[in-house]
Trainee: 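Handing you this structure, nothing more for now.
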Amino acid sequence: MSNEKIPYKIYLEESEMPKAWYNLRADMINKPAPLLNPGTLKPMTAEELSGVFCEELVAQELDDTTKFFEIPQEIRDFYKMYRPSPLVRAYCLEKALGTPAKIYYKFEGNNTSGSHKLNSAIAQAYYAKKQGLKGVTTETGAGQWGTALSMACAYLGLDCKVYMVKCSYEQKPFRREVMRVYGASVTPSPSMETEVGKKILAEHPGTTGSLGCAISEAVEKAVTSEGYRYVLGSVLNQVLLHQSVIGLEAKAAMDKYGIKPDIIIGCAGGGSNLGGLIAPFMGEKLRGEADYKFIAVEPASCPSLTRGTYAYDFCDTGAVCPLAKMYTLGSNFIPSANHAGGLRYHGMSSTLSQLYDDGLMEATSVKQTDVFEAAEQFARVEGILPAPESSHAIRVAIDEAIKCRETGEEKTILFGLTGTGYFDMVAYEKFHDGKMSDYIPADEEIAANIAKLPKVEA
Ligand SMILES: *Cc1c(COP(=O)(O)O)cnc(C)c1O
């Protein structure tokens, strides 16, 4: 076997790091559907969007044709502090599984935010600063995005207001404290600080919140505060664009050693890490240059691709955001409170939704106890304590490697290890104490939310 030649960790030289982000939409024949104005049901114009988002980010959001966007030097310099992220050959996991499969993972947990989110946070904060804004508002679920944005804002001297999903705020007090280290203000959502927060609390007293609620609050705060714009950590095209740095680095590192993955796996919350990881590989597939199998992995408790409907829906619970066409469980869908494993968003990036609808990508859902089992199996041999979100991808990578053991196929598997799980010890504790259950929504619950989708003609 020629395995010996491939190091445990493949790093790129500074000079080999990507100088431009890759815009996958430019190679898509069926473009993702445009965002719609919920009032007129017409595509959102740049002018309308720039009330909420920074101008340069609006331009990136609406651009379906430019293949490459140069990464500004200041962002490239920031990336150099924690990138390239390592591409690791999981020799130890392969051995433990007794599989002939070759497993690689791209590890994005090597920065204080503990996840890939910093890749887009620094870009979004950079454009906000460039526009001369005072600050930005955002939501955070598990806390990684809020942490990443706080870091980026501290670096650039911007104010940062974070609405944190209440159950995470309570479960992860140390996450909140990290954000405060970086100077952000953190409010549990839903809150009484915004009109939409008050309304949600009146309708759902005692709710533990959701990403959809927190987004509504952060948007309201941005549009009612002078010199502020809203930034979002996932779902949007611009975020997938920034996250393409993951896939570009992974592909460059693999090309360096002549490795071609057969299967590429990523967890899917709003779709940004997966969209970024697969981008250059999917580009080759779209252009007919190579073929890959792509698998999106989502939690069985929040299965937007596998059990949702492809339709226009609100991106947030309070229905203040534009409509996006996506696989959705309905913007009122709130995953059960006993769901610990992240990836709680009701919808999915419109780019990934279109690729999935076109049959270019597969999707599967996994139960959280199976996810934590895979997380521990991985932690014990590979040394890294993975985030629950990332562990969805680990679960499916292990399952695919076990299939190879059964068939004897030497497939090459690449998966995205999006982050570390140090702030998720309450979830790990529940798993150890046998207190973690596998809540799977009933068809009726999903149907009831789908019935409330806004009515938009195709
Ligand atoms: C936010 C997050 C995810 C999910 O978000 P995507 O936009 O789907 O990538 C996955 N893993 C980690 C560690 C995260 O912080």
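Keep in mind that what you see is a predicted model, and the values were worked out from it rather than measured. Each ligand, and each atom within it, is numbered from 1 in the order the structure gives.
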Trainee: Please determine whether side-chain hydrogen bond (donor to acceptor under 3.5 Å, both in side chains) holds for the pair Q124 and H242, giving the CA-CA distance in whole Å, both sets of side-chain angles, and the decisive distance to 0.1 Å.
Mentor: CA-CA 9 Å; Q124 297 196 46; H242 307 147; 4.6 Å; no
Trainee: Run the numbers for me: atoms of ligand 1, each under 4.0 Å from some heavy atom of G269, listed by number.
Mentor: 8 (O)
Trainee: Taking a cutoff of less than 4.0 Å between a non-hydrogen atom of the residue and any ligand atom, is E108 in contact with ligand 1?
Mentor: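 The answer is no, since E108 has no heavy atom less than 4.0 Å from ligand 1.
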Trainee: Should E217 and K221 count as an ion pair when the cut-off is N to O under 4.0 Å?
Mentor: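 Judged by the 4.0 Å cut-off on N to carboxylate O distance, E217 and K221 do not form a salt bridge.
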Trainee: For Y126 and F78, what are the C-alpha separation, side-chain angles and deciding distance, and is it a side-chain contact (heavy atoms from CB on, under 4.5 Å)?
Mentor: CA-CA 10 Å; Y126 170 85; F78 186 87; over 6 Å; no
Trainee: Considering both backbone and side-chain atoms of G271, is one of its nitrogen or oxygen atoms within less than 3.5 Å of a nitrogen or oxygen in ligand 1?
Mentor: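 Yes, there is a polar N/O contact under 3.5 Å.
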Trainee: Tell me whether R287 is salt-bridged to D27, with the criterion being a basic N under 4.0 Å from an acidic carboxylate O.
Mentor: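 Salt bridge present between R287 and D27.
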Trainee: Considering the heavy atoms of S115, write down every atom of ligand 1 situated less than 4.0 Å from one of them.
Mentor: 13 (C), 15 (O)
Trainee: Which atoms of ligand 1 sit under 4.0 Å from any heavy atom of C267?
Mentor: 10 (C)
Trainee: Near S234, which atoms of ligand 1 are under 4.0 Å from a heavy atom of that residue?
Mentor: 6 (P), 7 (O)
Trainee: Looking only at distance, does S390 have an N or O less than 3.5 Å from an N or O of ligand 1?
Mentor: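 N/O-N/O distance under 3.5 Å: no.
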Trainee: Testing the basics here: between S390 and G419, what is the closest heavy-atom pair and its distance to 0.1 Å?
Mentor: OG-N, 3.0 Å
